[in-house]
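Structure first, commentary second.
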Amino acid sequence: MDLEPNKKFVVPIGPQHPALKEPGHFEFAVDGEIVTGATVRLGFVHRGIEKSAESRTYVQNLYLMERVCGICSHVHGTAFTIGVEHLAGVTVPPRANAIRVLVAELERIHSHMLWLGVAAHEGGFDTLFMYSWRDREKVMDILEEISGNRVHYSANVIGGVKFDISEEQRGKILSSLDFLEERTRHYLKVVNEDETFLGRTVGVGIMTREQAESLGAVGPTARASGVERDIRVDAPYAGYEQFPVRMITDTRGDLHARFVVRIEELFEAYRVIREILDHMPEGELTARVPRRIPAGETISRVEAPRGELLYYIKSNGTDMPERVKVRTPSLCNWGSITSVAVGHKLADMPMLLVGIDPCFSCNDRTITIKSAGVDLGWTWEDLRQHGIEAYR
Amino acid sequence: MNNISLPPLVALLVFPGGLFLMALGLAYEYIDRKLVARFQNRLGPRWFQPLADLVKLLAKEEIIPDGVHRGLFIILPVIAVAGALTAALYTPLAGFMPAYSFPGDLVVTLYLLSVMTLSMGLAGANTADRFSLIGATRTLTQLFSYEAPFLLALLGPAIAAGSWQISTINLYAENNRWMIFTQPVGFIVAIIGLMGKLELPPFDAPEAETEIVAGALTEYSGRGYALFRLGKDIELVIGLTLVSAFYLGGLANPLEFLLKTLALLLVVAALQSLFARLRIDQTVGLWWRAGAILGLVQLAVIIAGSSWLRPLLFK
Amino acid sequence: MSIGSMLGDILKSFFKKPATEKYPFERYEPSQNLRGKLVYNPEKCSGCQLCIKDCPADAIELLVVDKANKRFVMRYHTDRCTFCGQCIESCRFECLNMTGEQWELASLKKEPFEVYYGRDEDIQFLLDRAAQPGTGEPCGGEGEGA
Ligand code: SF4
Ligand code: SF4
C-alpha cells in the first residue's frame with residue numbers, strides 16, 4: 001500500500017516500541033483513530049544463519065538451526081534432522097520419534113501460553129499475562145527436568161534423541177499436566193466470558209477463509225479462519241503417525257477465534273502427551289547416521305506452534321550442507337496484518353499484530369532487493385555497501 | 001472533625017499541602033503498585049521505589065525536543081502539580097478540617113483537579129511527536145467523557161447535604177447513614193470516574209504503552225516527567241479523600257482517614273487488575289451511555305427524595 | 001458473559017505468597033538433569049577429538065601433553081559453551097559430563113571462563129610452558145594436528 005507521508009498522519013510503530021518485543025517497523029496511516037493504511041518493513045534482525053550453515057557440519061548445524069527461534073527451538077531442530085535423516089536414508093527408532101513429538105508438544109504448550117500472556121498484555125490485561133506466564137513456568141520446569149535446559153532443549157541428535165523419559169519423570173509430567181489443564185480451562189473461560197476482553201477481541205481483525213487462503217496464511221492464524229491446514233495431520237512426521245492429533249479450526253477468523261484455537265490446541269497437546277506417556281514404544285534412542293551425507297536435496301516440513309515450517313537442504317556429499325533454506329511460519333502471516341488492518345482502530349493494532357504470534361528474528365533471513373521490476377543480482381561487496389548506506 | 005489552625009505558610013508548604021501531601025502521594029502510589037502486584041501474584045516494588053523513581057527522574061537531564069514551545073513545555077508540569085496541590089487545601093486531608101474553606105469550594109476543587117489533566121493534554125499537543133499528539137487527543141477526549149459523570153457522582157452527596165462546601169458535606173456524612181448505602185450508584189460512578197481521571201487501567205487508553213508508548217508524556221523526561229507523576233500521585237490521594245469523605249461516612253480523624261482511603265484504594269487496585277484495557281471509543285461509550293445516565297438517574301432520585309421523601313424518612 | 005472473571009484468582013493471590021523467585025537470596029533448586037558446567041575426565045580419553053569436531057560453539061580444545069601416553073588437558077570456555085550436550089553424545093569413552101549443580105557461571109572477570117581439566121601436573125606443565133616468553137599459546141603447535 002502506498003503511503004503519502006505529506007497528506008496522512010502516519011504513526012510509526014517500531015523498530016523500537018514497547019509493543020514489540022523484537023524489532024520490526026510498521027507504519028500505520030491514521031485518520032483520527034481509524035487506520036487507513038499499513039506497511040511492514042522487516043529485516044532488522046537478519047543474522048546470516050543460512051550462510052553460516054554452509055560452513056558448519058551437519059551436527060553443528062543442528063544447534064545453529066535450533067537458534068533460529070528462541071521459542072520454538074525444538075521444531076527447527078526436528079525439521080533439520082528429519083531432512084538430514086531423509087538424505088542419509090536413515091530410519092529413526094520409534095521411541096525417539098515419540099520423544100520428539102513429546103518435546104514438540106511440550107514446546108507448543110509453552111509457546112501458546114507465552115503467546116496468551118503477550119496477547120493479553122497488548123490488550124492491557126496484565127493480570128492474565130502474569131498468570132499465564134506464571135503457569136507456563138510449569139512447562140519450563142518439565143522441559144528442564146527431561147532435557148536439562150529450559151529454552152534450547154537440544155533434544156535431537158541426528159538420528160534420534162538425546163534422552164529417555166524415566167518412570168519418575170513420567171509422573172512429574174503427568175502431575176504438571178493436570179495442573180496445566182485445569183488452568184487452561186480457566187483461561188478459556190476468561191477469554192470466552194470476560195466482557196472487557198471480548199470487547200477487544202470479538203469481531204476484530206476478521207480474516208475470511210478466502211483471504212487466508214489467498215494470502216497463504218499458516219498455522220493457528222489460518223485455522224482460526226477455517227482453513228484446514230496442519231502439517232501434523234496433512235503429512236504426519238516423526239511420531240505423529242502413531243499419535244495422531246485432531247485439527248482445531250474455527251470459522252470466525254477474528255482475534256477471538258485465534259485465542260480459542262490456540263487454547264483448544266493446548267488441550268489437544270495435553271491429550272497427545274498423555275497418550276505418548278502411556279504408550280511409549282520400546283527400543284533404541286538413536287540410529288547411526290554417517291558423517292558424510294550422500295548428495296541430494298530434500299524438503300522437510302513440520303508444524304511449529306506458529307504454523308508450517310519448511311526446510312530445504314541440499315547436500316553435496318560432504319559433511320557440510322551446500323545450502324539450507326528456512327521458511328518460517330511468521331513470514332507467511334505478515335500479509336494478513338497489512339490487508340486486515342485497514343478500517344480498524346489504532347488501539348487494535350498491537351493486538352492484531354500479536355494475533356499472528358509473529359516471530360521477527362525467525363523470519364528475517366534473506367532479502368531480494370528489486371528495483372523497477374528488475375531482479376538485481378547482488379555481490380557480497382554490493383550488499384556490504386548497501387548495508388553501510390542503509391544504516392548511515 | 002479536628003480543627004487545626006496553622007500559619008498560612010506552613011499550611012501551604014508543609015501540612016496539609018506541600019511536603020506532607022507529596023509524601024502521602026508517594027506512599028499511596030507504593031501501596032497501589034504493591035496491591036496490584038499482589039493481586040497478580042507478584043512481589044511488587046519495595047517501599048522506597050516511588051521515591052527512588054522521583055529522585056532519579058529529578059536528577060536526570062531534561063531534554064527539550066525540537067518543535068515545542070519551550071516556555072509551555074517547562075511550565076506545564078509546574079501548573080499541573082500546582083493545581084493538584086491547591087486542590088488539596090480544600091479537602092479534609094488526614095481527617096483534619098480543610099486548610100481553607102468557603103461555600104462552593106467543591107466546584108473549585110473539581111476544576112483544580114482537571115487542571116492537571118488539561119496540562120497533560122496541552123503538554124502532549126505542544127510537542128510534534130505523533131504518540132504524544134494521539135495521547136493528547138485521547139487524554140482530552142477522556143477528560144470530556146469522565147468529567148460529567150464524576151461531577152454528577154459528587155453532586156449527589158452535595159445535594160443530600162444541601163451544601164457546596166466540602167467540609168459541610170463531610171460533616172453531614174459523619175452524622176448520617178453512609179452514603180455508599182443510600183446512593184450506591186453514585187458511589188460506583190464516583191470510583192470509576194476517579195479511575196478514569198487518574199488514567200488507571202482499564203481506562204489507561206491515553207497512555208497505553210503498547211500502542212502509543214507513554215501517550216501525551218512521551219517526550220517528557222527528567223524534571224517534567226517527575227512533576228507530572230508527582231501530580232498524579234497527589235491527585236490519587238485527593239480523589240480517594242473526596243470519595244471516602246462523601247460516600248464512606250466522612251473523615252473525622254486521621255485513623256478514619258487512613259482506614260477508609262486505604263480500603264478504597266484496595267478496591268481501586270482490584271479493579272485495575274481485573275479488566276482488559278478499554279479502547280478510547282469504548283471508554284467514551286461507557287461513560288456517556290452508562291456513567292452519565294446512571295449519575296443523572298441517581299441525581300433525580302436524590303432531588304426527588306430530598307424534597308418529598310426526606311420529611312417522611314427522617315422525621 | 002461476565003465481568004471480572006479473574007476475581008477469584010486475584011482474591012486468592014492476595015493471601016498467597018507471591019510466585020516471584022527471590023533469586024539470589026533464595027537459590028532455585030535446579031533439576032538433577034540440568035546441563036550445567038561441563039566436566040572432563042582425562043583418565044579414559046583417547047584423544048580422538050570427536051567432541052571438539054562436533055562442538056557447535058568451539059568451546060572446547062584438547063591440548064596434547066604426551067600423545068603416546070594419552071596425557072591430555074582440556075581447555076573449556078564456559079562463556080562460549082551453549083550447553084547443548086553434543087560433546088557428551090559424541091564421546092564414545094564417556095569422558096565428558098555436565099553437572100547439575102554448577103550453573104551460576106556469570107562473572108565480571110574473564111579468567112573464570114577458561115577452565116582447564118586434566119591431571120594437575122599436566123596442567124601445571126602447560127601453564128609453565130605458556131608462561132615462558134616466546135612460546136605463546138600453552139598448546140603450542142603440536143596440540144592442533146594430533
Ligand atoms: S555442550 Fe555443546 S557447546 Fe558446550 S562444549 Fe559441549 S558441544 Fe560444545
Ligand atoms: S570425544 Fe571423548 S575420547 Fe574423544 S577427545 Fe573428546 S573426550 Fe576424549
Side-chain angles (χ1 to χ4, degrees), chain A residues 5 8-14 16-21 26-35 117-135 137 190-191 194-202 204 255-256 259 344-354, chain B residues 32-33 35-44 124-125 128-142 192 195 199-215 217-218 269-286 289-290:
Chain A
K8 287 173 187 160
F9 192 74
V10 175
V11 181
I13 292 196
Q16 309 279 334
H17 190 279
L20 304 173
K21 276 61 192 170
F26 303 87
E27 286 190 349
F28 295 113
V30 292
D31 177 10
E33 286 273 329
I34 309 289
V35 173
V118 172
H121 171 66
E122 304 285 344
F125 201 175
D126 278 359
T127 307
L128 183 54
F129 164 44
M130 295 294 167
Y131 280 92
S132 72
W133 278 40
R134 180 197 70 186
D135 298 339
E137 285 295 306
V190 172
V191 163
D194 193 274
E195 198 76 47
T196 51
F197 202 60
L198 287 176
R200 299 298 306 273
T201 54
V202 172
V204 174
L255 265 179
H256 184 245
F259 273 93
H344 281 89
K345 309 222 164 44
L346 182 65
D348 291 326
M349 287 309 114
M351 284 195 90
L352 209 61
L353 271 183
V354 91
Chain B
D32 179 53
R33 281 168 67 178
L35 281 174
V36 172
R38 291 308 305 271
F39 281 135
Q40 295 176 345
N41 209 351
R42 288 188 287 127
L43 201 54
D129 181 52
R130 280 170 260 201
F131 299 126
S132 292
L133 287 178
I134 295 179
T137 326
R138 288 188 185 178
T139 302
L140 294 176
T141 316
Q142 190 147 319
I192 299 179
M195 293 178 72
E199 299 179 356
L200 296 174
F203 306 106
D204 57 345
E207 48 182 74
E209 67 155 22
T210 49
E211 297 155 29
I212 47 172
V213 191
L217 301 184
T218 306
L271 289 175
Q272 279 178 56
S273 31
L274 266 184
F275 304 113
R277 181 188 304 125
L278 298 172
R279 276 196 314 252
I280 189 74
D281 55 312
Q282 290 169 332
T283 316
V284 177
L286 180 76
R289 257 180 261 127

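Chain letters run A, B, ... following the sequence lines, proteins first, then strands; residues in each count from 1.
The closest donor-acceptor contact from the side chain of B:R130 to the backbone of A:V10 lies under 3.5 Å. Of the possible donor and acceptor atoms, none in the side chain of A:T127 sits under 3.5 Å from a partner among the backbone N and O of B:Q40.
Of the two parts of A:R134, only the side chain, counted from C-beta on, holds a non-hydrogen atom closer than 4.5 Å to a non-hydrogen atom of chain B. When heavy atoms are compared at a cutoff of 4.5 Å, B:F39 approaches chain A solely by way of its backbone atoms N, CA, C and O. For A:V118, no part lies near chain B; criterion is any non-hydrogen pair under 4.5 Å. In this structure, the portions of B:S273 lying under 4.5 Å from any heavy atom of chain A include both its backbone and its side chain.
Not counting sequence neighbours, the partners of B:R33 by the salt bridge (charged side-chain N to carboxylate O under 4.0 Å, His left out) test are B:E29, B:D53. Shown here are the ring-ring contact (aromatic ring centres under 6.0 Å, His included) partners of A:F125, two or more places apart in sequence or in another chain: A:F197.
Of all non-hydrogen atoms in B:L274 and A:D194, the two that sit nearest each other are O-OD2, 4.2 Å. Across A:Y131 and B:N41, no two heavy atoms sit closer than the pair OH-N, 4.2 Å.
A heavy-atom distance below 4.5 Å is found between the side chains of B:R138 and A:L346.
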